[in-house]
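Encoded as structure tokens, the structure appears first; notes follow it.
Chain identifiers are assigned alphabetically (A, B, ...) following the order of the sequence lines, protein sequences preceding nucleic acid strands; residue numbering begins at 1 within each chain.
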Amino acid sequence: MSTAPDPSHDPAAEKESATEKLNFIETAIQQDLKAGRFDGVATRFPPEPNGYLHIGHAKSICLNFGLAKKYGGTCNLRFDDTNPSKEETEYVDSIKNDIRWLGFDWDNLHFASDYFEQLYQWAVQLIQSGHAYVCDLNGEETRRYRGSVTEPGQNSPYRDRTPEENLDLFQRMRAGEFPDGAKTLRAKIDMASPNLNLRDPVMYRIMHTPHHRTDNQWCIYPMYDWAHGQSDSLENISFSICTLEFENHRPLYNWFCQTLGIHNPRQIEFARLNMTYTVMSKRKLLQLVQEGYVSGWDDPRLPTLVGLRRRGYTPESIRAFCDDIGVAKFNSTIDVIKLENAVRTHLNEVAPRRMAVLDPVKLTLTNWPEGRVEMMEAVNNPEDPAAGTRQVPFSGTLYIDREDFREEAPRKYFRLKKGGAVRLRYAYIIDCHDVIKDDEGNVTEILCTYDADTHSGSGNSQRKCKGTIHWVSAEHAGDVEVRLYDRLFTVEKPDVASQEGSFLDHLNPESLRTAQAKVEPALLEVAAGENVQFERTGYFCADPDSQPSAPVFNRTVALRDTWGKMQAKGKVH
RNA sequence: GGCCCAAUGGUGUAAUUGGCAACACGAUAGAUUCUGGUUCUAUUAUUCCAGGUUCGAGUCCUGGUUGGGCUACCA
């Protein structure tokens, strides 16, 4: 490096600003915009209200809302509520909350059920133009006629009914003349198509089931393929972004729009999110909740948005994560470390630091003046000077973490050992001269002397020591419950069924440990939902179970632990 | 035995659309540090295989391999 290049003439920098990194969806959007296929960008997030949102949905939400924002377009929230047997208003509310919590707001709120009448009219249009027919085959027969992946299907015997007859039958289906399953309305496409979705797909089924919004107004309900694309079209969506499993549905999506002669959005598919050490399917999440393996949808071990929130994940960290993982069509599995890293990064910037002793052992300062209490000034957040400082009471009787003391230890052990010294954070350097044990040999009390010249920040002493540990003054300490969460599963891919086993076989028996911690006074005032860092330990969030002056803390994620890693690798003992 | 889609370091995503393979995370080594945190530095690749087109291929073509999806009146 001989000369510092002028940044304005740095070719590398120019290149960087000129070539913005686009994912494959953005590339497609820019091409379509340039070609004039669409006027602008209109997207939508289309959940079915039959469950809680999880981190995989967050990826889709960030994508759809993010694209709208990036291109100055709009993003709607639309509930795909076409199956009344599974859907409930409870889920509608939770989904709205989760999206807002994540930091997004929709331009328009819609329900597929609002389009039922329009959908019906369009179905009539397809019947009249000879593109749809009423079929009397039952489920079992329909399946048989469809053929298989290697064999073509056969035409339904009802395929050639006249438009008049079809119309009459369809009207009577709507009027409730037939029982559940007696008839369906099917699109007339091609029973020999290699794409199974095109083998005369069912558009409507008869279900005498009240709907969460339309109640008993309808007894015929549209299928996904018939409702989804048409809803997109009605809302003038330009890019209908969905997951990979709908790739084979795209020809049908386009067929409906084109046959109807209506606005045809472009469907683009991306790979859904998979993450190590967890499960993402609604079925499995439901099973974990219903069978009591976790405490509920908001159990902090679940990848649900309500679970992550309770665990202490911030919206910012989840958005950063979604941004970080990118979008592609490759079926990948993201290392959960990425998620943990995202929340560490954010919390490192914003979480106030506090001292908490999770596994307390008593430490007495034998040369401390009887009854004396000193207030120590502690920095609230070294990453944020504006967070200021606080006063922490210090006395001759303290608690430190059992992990931070050993009678004998290797040179690389920087914490307190018998005959050694350590710095008490924001206080004094202490020397350990003795240990008291119970009959079983457990350390019950550590005896030390403090070095009065080493008061934090005083500059009175040149004395240094390698280690610094956290502490809490016994008489001022609060007692709180701490819930130490770990991964729910012990294997990277619990989903990949081990031959005969179930994903439940891989549940981590230690995914939740509780501890009674001794904490500094400031921690007693933390309100539910607030994030803090317990110095040297991890990030914690006060749980909704917290009571005034009696918070319960959930461990969001531990701090990076170089020492623990060295131990795990056998480099030290 | 059909159709559709994908494949780039340990993980995930880029590559100005045919022009010197980049970024993040992880891992490793070191520096700094009153958090074994943070921060900083360094190291970490014959682009799944085989042919072909081309001055030039991660990118285009052909064949193969591997993985995913499709056979609900679910979405």
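Straight-line distance from the CE atom of Met203(A) to the C1' atom of rC74(B): 17 Å, rounded to whole Å. At whole-Å resolution of the value, CG in Leu198(A) and P in rC70(B) are 16 Å apart. Across the protein-nucleic acid pair, Arg344(A) atom CZ and rA24(B) atom P stand 18 Å apart, rounded to whole Å. Rounded to an integer number of Å, the gap from Lys464(A) NZ to rU32(B) P is 11 Å. Rounded to whole Å, atom P of rU35(B) lies 11 Å from atom CD of Gln533(A). Regarding Asn274(A), its CG atom lies at a distance of 13 Å from the C1' atom of rG67(B), rounded to whole Å. The distance between atom CD of Glu383(A) and atom C1' of rG37(B), rounded to the nearest whole Å, is 9 Å. As rounded to whole Å, 9 Å separates atom P of rA14(B) from atom CD of Glu26(A).
For the pair Phe414(A) and rG36(B), the ring geometry qualifies as stacking, because the centroid separation is below 5.5 Å while the planes lie within an angle under 30°. In this structure, the aromatic ring of Trp563(A) is positioned over the six-membered ring of the base of rG36(B), centres within 5.5 Å and planes within 30°.
Using a 4.0 Å heavy-atom distance criterion, Thr184(A) is classed as a base contact. Gly147(A) comes within 4.0 angstrom of sugar-phosphate atoms only, judged by non-hydrogen atoms across all strands, and of no base. Met223(A) comes within 4.0 angstrom of the backbone, heavy atoms only, and of no base. Nucleic acid contact for Thr27(A): base, since at least one base atom lies under 4.0 Å from a heavy atom of the residue. No contact: Phe79(A) has no heavy atom under 4.0 Å from any strand. Val379(A) comes within 4.0 angstrom of no nucleic acid atom, judged by non-hydrogen atoms across all strands. Across all strands shown, Arg415(A) has heavy atoms under 4.0 Å from base atoms, whether or not it also approaches the sugar-phosphate. Using a 4.0 Å heavy-atom criterion, one finds that Ser193(A) contacts no nucleic acid atom at all.
When distances are taken from the side chain of Asn23(A) to each of rA14(B), rA75(B), rA7(B), the shortest belongs to rA14(B). The side chain of Asn83(A) lies closest to rC74(B), out of rU8(B), rC74(B), rG2(B). Minimum atom distance to the side chain of Asn197(A) is reached by rC70(B), of the listed rA6(B), rA14(B), rC70(B). Residue Lys21(A) has its side chain nearest to rA14(B) when only rA14(B), rC74(B), rU35(B) are considered. Closest approach to the Lys338(A) side chain among rC34(B), rC70(B), rA24(B) is made by rA24(B) (side chain taken as heavy atoms from C-beta onward). When each of rC74(B), rG2(B), rG37(B) is scored by its nearest atom to the side-chain atoms of Leu196(A), the top-ranked nucleotide is rG2(B). Distances from the side chain of Pro382(A) to the nucleotides rC74(B), rA29(B), rG37(B) place rG37(B) closest. Considering only the side chain of Glu87(A), rA75(B) comes nearest among rC73(B), rA75(B), rC4(B). In this structure, the nucleotide among rC5(B), rC74(B), rA6(B) sitting nearest to the side chain of Glu247(A) is rC5(B). The side chain of His249(A) lies closest to rA75(B), out of rA75(B), rC3(B), rU13(B).
We find the CD-CG distance between Gln290(A) and Leu285(A) to be 11.0 Å, quoted to the nearest 0.5 Å.
Remark: Arg161(A) is not positioned above the aromatic ring of Tyr133(A), lacking an NZ or CZ atom under 6.0 angstrom from the ring centre and at most 45 degrees off the axis. Under a cutoff of 6.0 Å and an axis angle of 45°, Arg213(A) and Phe111(A) form a cation-pi pair. Both tests hold for Arg174(A) against Tyr120(A): distance to the six-membered ring centre under 6.0 Å, angle to the ring axis within 45°.
The glycosidic torsion of rU17(B) lies within 90° of 0, which places this base in the syn conformation.
With a cut-off of 3.5 Å on both Watson-Crick or G-U wobble distances, the partner of rC23(B) is given as rG12(B). rU62(B) and rA50(B) make up a base pair, with Watson-Crick or G-U wobble contacts both under 3.5 Å. Across the strands present, rC40(B) finds its partner in rG30(B); the criterion is a Watson-Crick or G-U wobble pair with both atom distances under 3.5 angstrom.
Of the listed residues (Phe256(A), Trp255(A), Tyr115(A)), just one forms a ring pair (Phe, Tyr, Trp, His ring centres under 6.0 Å) with Trp226(A), and that residue is Phe256(A).
Comparing Asp324(A) and Thr454(A) by the nucleotide of RNA chain B that holds the closest heavy atom to each, the one mapping nearer the 5' end is Asp324(A).
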If the sugar-phosphate is the primed atoms plus P, OP1 and OP2 and the base is the rest, what is the B/S/- string for nucleotides 58-64 of chain B, using protein heavy atoms under 4.0 Å?
-------
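At rU11(B), none of the side-chain N or O atoms of Ser332(A) fall inside 4.0 Å of OP1 or OP2 (strictly under the cut-off). Between Thr562(A) and rG37(B) there is a side-chain polar atom (N or O) within less than 4.0 angstrom of OP1 or OP2. For the OP1/OP2 pair of rA27(B) and a distance below 4.0 Å, the side-chain nitrogens and oxygens of Lys565(A) include at least one atom meeting the criterion. Here Arg205(A) reaches the OP1 or OP2 of rA75(B): one of its side-chain N or O atoms lies under 4.0 Å away. Note on Arg146(A): a side-chain N or O is less than 4.0 Å away from OP1 or OP2 of rC73(B).
Remark: the Tyr145(A) side chain and the Glu140(A) side chain contain no N/O donor-acceptor pair separated by less than 3.5 Å. If you check the side chains of Glu374(A) and His455(A), you find a donor sitting under 3.5 Å from an acceptor.
Judged purely by atom type and a 3.5 angstrom limit, Arg423(A) uses its side chain to pair as donor or acceptor with the backbone of Ala427(A). Side-chain atoms of Thr214(A) never come within 3.5 Å of backbone atoms of His211(A) as a donor-acceptor pair (strictly under, hydrogens ignored).
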Could you go step by step and tell me if Glu26(A) and Lys21(A) meet the salt bridge (Lys or Arg N to Asp or Glu O under 4.0 Å) rule?
CA-CA 9 Å; Glu26(A) 293 167 333; Lys21(A) 282 188 178 178; over 6 Å; no
